[in-house]
Amino acid sequence: MAQPHADVLIVGGGEAGLGVADELRALGFAGTITMAGEEPRLPYQRPPLSKGYLSGDSDDESLELRAPEYLREQGIDVWLGRRVASVDLTDQGGSAVFDDSTSVAFDRLVLATGAVARELPVPGAELAGVHSLRSVADAALIRDALRAGGPLVVIGGGFIGLEIAATARARGLSVTVVEAAGRLLERVCAEPLSDFCLRTHRAAGIDIRLDAAVVELVGTDVGAVSGVRLADGTLLPAEVVIVGVGAVPATGIAEKAGLECRRGIVVDPAGRTTHPRVVAAGDCTEQPHPHLEGELLAIESVNNAVEQSKAAAHTLLGLDPPARGVPWFWSDQGGMKIQIAGVSHGHDGYVVREEAERITVLYFRGGTLIAADVANNPRDFMAVKRAVAERRTVDRERAGDLTRSVKDLLREGA
Amino acid sequence: MPTIIFHSPDGSSHKVDARVGASAMETAVKVGVPGIVAECGGALSCATCHVFVDSAWIAATGIADEFEDEMLDDAETPRTPTSRLSCQIRVTDDLDGLELTIAPEQ
């Protein structure tokens with residue numbers, strides 16, 4: 001049998017892979033598009049996995065990003081449950097070899113391989129009842145485990161860990177969050193938002209242990225987790241343990257193919273890799289930092305996957321990519337909604353606006369507003385997102401004046 | 001099964017069968033109705049599924065709550081009195097025939 005061929009082969013069936021396929025069709029591309037995903041499901045939304053899917057508010061059907069009929073109509077050929085082991089690249093394209101030794105030839109390749117959960121390097125991490133969350137299959141296991149009751153210990157006070165903790169707590173479980181750093185969300189936001197989160201989650205009854213290193217997961221004699229041992233000797237009882245200590249870009253295929261990778265696959269703003277026939281998008285990539293020249297930045301978000309996939313699709317067709325929008329992110333944690341506009345990494349100062357139930361942190365670099373983190377403050381989020389896009393700023397000296405709204409201050413400018 | 005009619009910014013209209021319990025946004029996006037971006041997938045976080053509810057239907061859909069209202073304040077297309085984020089409109093049998101006009105900029 002002749003080797004199958006795709007004009008464009010997309011490796012990865014997530015949001016970024018689907019985004020490239022969708023955008024190619026929107027731009028009028030009429031060639032064949034094959035998307036190969038490791039999971040047995042059509043592209044689905046991941047954000048609800050740590051929230052509504054665990055609580056039962058969203059089901060499998062609501063996760064689905066596109067109806068199967070739509071994908072058929074668009075001529076997007078989706079291969080499910082297919083793991084690409086390696087790709088061979090040539091000047092004209094190349095071929096991808098699956099782990100069952102079958103292969104497919106392509107003219108152009110899209111790597112949208114995502115990221116995998118970072119493992120916890122302690123004894124006991126393999127015990128039953130210890131989970132990490134990347135896929136809907138992981139989420140289904142966690143949902144069932146949580147239904148059986150707690151106590152739940154979440155290792156890692158980042159977004160996914162806190163979302164799961166808040167969801168489980170709202171369902172009445174006993175929940176402890178163990179964070180190695182001195183504050184929550186340390187890598188992504190300034191201290192005032194960390195403190196706001198800490199107070200909110202503690203008020204909801206979540207036990208949060210900061211500066212707490214996990215040294216061991218303790219199991220029963222049948223191999224199920226029963227506790228989490230901390231460096232100070234404390235043993236936290238646990239029926240379920242979630243490890244939420246970050247994600248690692250899936251660069252294996254790219255590395256083997258000789259593409260430049262650092263932490264992630266290195267791409268330019270147009271999604272180009274170091275091979276002219278290969279683009280990449282989403283959580284597997286690192287891209288130029290928006291305001292720190294020469295540095296690379298990995299952005300794990302739906303917005304980033306969507307925007308990079310649009311750029312990559314344009315590049316595949318020899319078109320200039322559209323201007324990049326302001327990166328943004330959200331996290332629902334129980335009744336609290338965090339929204340982030342812009343990239344605060346690289347800021348040289350921030351101004352806090354805090355009221356009873358809400359907080360806004362405005363980040364500056366060289367007198368210019370570059371980003372904002374808000375909790376429960378959608379009006380400020382929307383205003384700052386727009387202002388950063390339009391390169392408008394607020395006077396840093398007056399930015400903390402709570403008698404004036406952020407929108408007012410933006411109108412006035414610096 | 002209720003149907004919803006979406007009027008897209010490109011002038012096309014789409015009559016779509018909607019699953020009860022799904023959102024109007026989800027209904028449109030799954031079948032590729034043009035004009036709704038819906039980047040956050042329905043989490044009330046991005047304001048990119050902005051629609052204008054036909055005035056005859058606003059009583060049935062209801063108006064935006066406080067949070068949605070704040071999101072709409074800086075939506076790309078200026079809001080109107082019948083603006084909603086379509087991710088917040090839950091499909092019920094009572095909404096059979098609902099007409100929504102998709103905001104031109106999301």
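Just so it is clear: chains get the letters A, B, ... in the order the sequence lines come, proteins before strands, and each one is counted from 1.
Under a 3.5 Å cut-off, the side chain of A:K385 and the backbone N or O of B:D74 do not form any donor-acceptor pair. Checking side-chain atoms of A:R379 against main-chain N and O of B:D69 turns up no donor-acceptor pair under 3.5 Å.
For B:I63, the CD1 atom is loosely surrounded, since the number of other residues' heavy atoms within 6.0 Å does not exceed 12. In A:E390, the CD atom is crowded: over 12 heavy atoms of neighbouring residues, nucleotides or ligands sit closer than 6.0 Å.
For chain B, no part of A:D380 is nearby; none of its heavy atoms comes within less than 4.5 Å. Heavy atoms of B:A22 lying under 4.5 Å from chain A are absent altogether. The contact between B:E76 and chain A is made by backbone and side chain atoms together, counting heavy-atom distances below 4.5 Å. Proximity to chain A involves both the backbone and the side chain of B:E39, based on heavy atoms less than 4.5 angstrom apart. Neither the backbone nor the side chain of A:K51 comes within contact range of chain B, judged by heavy atoms closer than 4.5 Å.
The two residues B:A47 and A:M382 have their closest heavy-atom pair at CB-CE, 3.4 Å.
For the atom pair B:S45 OG and A:I338 CD1, the distance stands at 11.0 Å (nearest 0.5 Å). To the nearest 0.5 angstrom, A:R358 atom CZ is 4.5 Å from B:E70 atom CD.
Residues of residues 61-72 of chain A lying under 4.5 angstrom from chain B, judged on non-hydrogen atoms, are A:E61, A:S62, A:E64, A:L65, A:R66, A:A67, A:Y70 in numerical order. Residues of residues 324-333 of chain A lying under 4.5 angstrom from chain B, judged on non-hydrogen atoms, are A:W328, A:W330, A:D332 in numerical order.
Salt bridge annotation for B:D73-A:K407: absent, with no cationic side-chain nitrogen under 4.0 angstrom from a carboxylate oxygen.
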Candidate pair B:M71 and A:Q339, rule side-chain contact (heavy atoms from CB on, under 4.5 Å), full reasoning: CA-CA 11 Å; B:M71 293 292 294; A:Q339 289 165 297; 3.5 Å; yes
